[in-house]
Number of protein chains: 2
Amino acid sequence: MAVEQKAPNRYHHGDLRRALLAAVDEIVRELGVEGLSLRECARRAGVSHGAPAHHFRDKRGMLTEYATDGFEKLLGSIAFEFDKIGLDDTMGRLKAVGKGYVNFALSHQAQFKVMFRSELLDNDNERLLDRGRQVFEALTKSLAAHWAATNQGWRKENLAQISLAWSAVHGFAVLAVEADLLRMGSEGLLNPDPDAVLDQLMLIAEPPGQ
Amino acid sequence: MAVEQKAPNRYHHGDLRRALLAAVDEIVRELGVEGLSLRECARRAGVSHGAPAHHFRDKRGMLTEYATDGFEKLLGSIAFEFDKIGLDDTMGRLKAVGKGYVNFALSHQAQFKVMFRSELLDNDNERLLDRGRQVFEALTKSLAAHWAATNQGWRKENLAQISLAWSAVHGFAVLAVEADLLRMGSEGLLNPDPDAVLDQLMLIAEPPGQ
DNA sequence: AGTAGGTCTTGGCGATGTAAAGAACCGCAC
DNA sequence: GTGCGGTTCTTTACATCGCCAAGACCTACT
């Protein structure tokens, strides 16, 4: 999605909304969220600095759209992994959630970071909330399906296991994306293969005492 | 640490550095990092807007100090948990790291968020790097001690396990601090007891097939 | 006492987000 | 087609911000 400039002679842009979101992505990749400004977005779209206000109320509104778009891509990434796995392979599907999540984070690092900067977003936005919920449900439903398939029933640890799985997948993605953060802790020690880490994580979904 | 105003008649503040860091904390709690400005810090310390530059080179420098201070408190929190556990209880010490980490995140949410916003910080700062390293080492050393004590030796999964533990603890803290984020996924479902989640996490440190 | 150096003030610069008012354009009713 | 309402975009203005440079003030040391 490239930033489409407005033709200089024309008054209307044509697809300013798209162009602005493309500009957001471009800038956030180049400079991070701190480097993002409404005016620069407008500039890249070849439009005056007041124009964006008609499509997104303000900066927060614009970032909220950008984040929501990210969640939809994230859902797509999980769906992509699902498609490779048979419905009966509940363990495989469980791992697919983690894979889709981590893959998205790694391939859209800048956007991923924005998605979880709740101070920057309108957290009451319906679409944003909905997409977030869907991601969470992909995880919980896959876990539940696996437990059902392995006849484990519902045990009291399950709630904590859901939290742990959610924490680990998100935490891994965050750490992978924050390269400087890894630098701090590890200096090369911690340069893990996502697959191996996910395999370890899967163990918590197994019945105890195996 | 309260923000100490400069006495209006005096020319020197006396302890401006401390006062500014206190102001940072105050503002970040109230408004988040986005709401932070050098000028507002100066105002709260009763000092002109140019004054902070002499103590921290610029905004990034100020935030770096604030973050470093946070890492030191985090180390303190882990040490506090360690003190309650005997040296021979390697499992207890392992859990203590997670507890100290999560406790700090929960009791200093605003500061915790800043600490991991690497785009805002001077990531080459020696003290910052050092304190970060120390936190990571608290985890890895405790894991290594536990493995040594349980005669497991070094297995090839250990690296992935370290990553997983680090991811899970950090991820859990992040999710706990980002309340709005939890709202998205859970709406009450995911309001976990840190202790229960840590217990689940501890299982990965055990030898396989138990 | 005098001076060097650190602390703080002041004023100014360019940039930002938001608001309000006006210009250009589109589509629809007539 | 013509006129008109609503939308998209421009323009101007304002308060605030980070940073810089010049100067005033104070402390400490010789």
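Heavy-atom basis, side chains included; hydrogens, waters and symmetry copies ignored. In the text below, chain A, chain B and the rest are named by the order of the sequence lines, each starting its count at 1.
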Review point. Checking only heavy atoms, does the side chain of Arg39(A) share a donor-acceptor pair with the base of dT18(C) at less than 3.5 Å?
Key: yes
Exercise for review: Using the salt bridge (charged side-chain N to carboxylate O under 4.0 Å, His left out) rule, pick out the option among Glu126(A), Glu72(A), Glu137(A) that qualifies with Arg131(A).
Suggested key: Glu72(A)
Exercise for review: Calculate the interatomic distance between Leu20(A) atom CG and dT8(D) atom P; express it in whole Å.
Suggested key: 12 Å
Check your understanding: Atom CG of Leu16(A) to atom P of dC26(C): distance rounded to whole Å?
Key -> 15 Å
Exercise for review: For Met115(B) and Leu121(B), run side-chain contact (heavy atoms from CB on, under 4.5 Å): C-alpha distance rounded to whole Å, both residues' side-chain angles, the deciding distance at 0.1 Å, then the answer.
Suggested key: CA-CA 8 Å; Met115(B) 289 160 57; Leu121(B) 309 178; 5.7 Å; no
Review point. Looking at residues at least two apart in the chain, or sitting in another chain, which of them share a salt bridge (Lys or Arg N to Asp or Glu O under 4.0 Å) with Arg29(B)?
Key: Asp25(B)
Practice item. Measure the NZ-CG distance between Lys99(B) and Asp195(B) for me, rounded to the nearest 0.5 Å. Key: 4.5 Å
Revision key, fill the gap. Separation of dC17(D) atom P from Met62(B) atom CE, nearest Å, is 12 Å
Point to revise | Centroid-centroid under 6.0 Å between His108(B) and Phe104(B) rings | key: yes
Revision key, fill the gap. Rounded to whole Å, CD1 of Ile27(B) lies from C1' of dC17(D) at a distance of 13 Å
Point to revise | Interatomic distance where CG belongs to Leu38(B) and P belongs to dC20(D) [whole Å] | key: 11 Å
Check your understanding: Does the side chain of Arg43(B) get closer than 4.0 angstrom to OP1 or OP2 of dC17(D) through an N or O atom?
Key -> yes
**Study point:** From Phe136(B) atom CZ to Lys141(B) atom NZ, the distance as rounded to the nearest 0.5 Å
**Key:** 11.5 Å
Check your understanding: Separation of Arg17(A) atom CZ from dT8(D) atom C1', in whole Å?
Key -> 14 Å
Study note, to complete from the structure: Under a 4.0 Å heavy-atom cutoff, the residues of residues 48-61 of chain B touching DNA chain C are Ser48(B), His49(B), Gly50(B), Ala51(B), His54(B), His55(B)
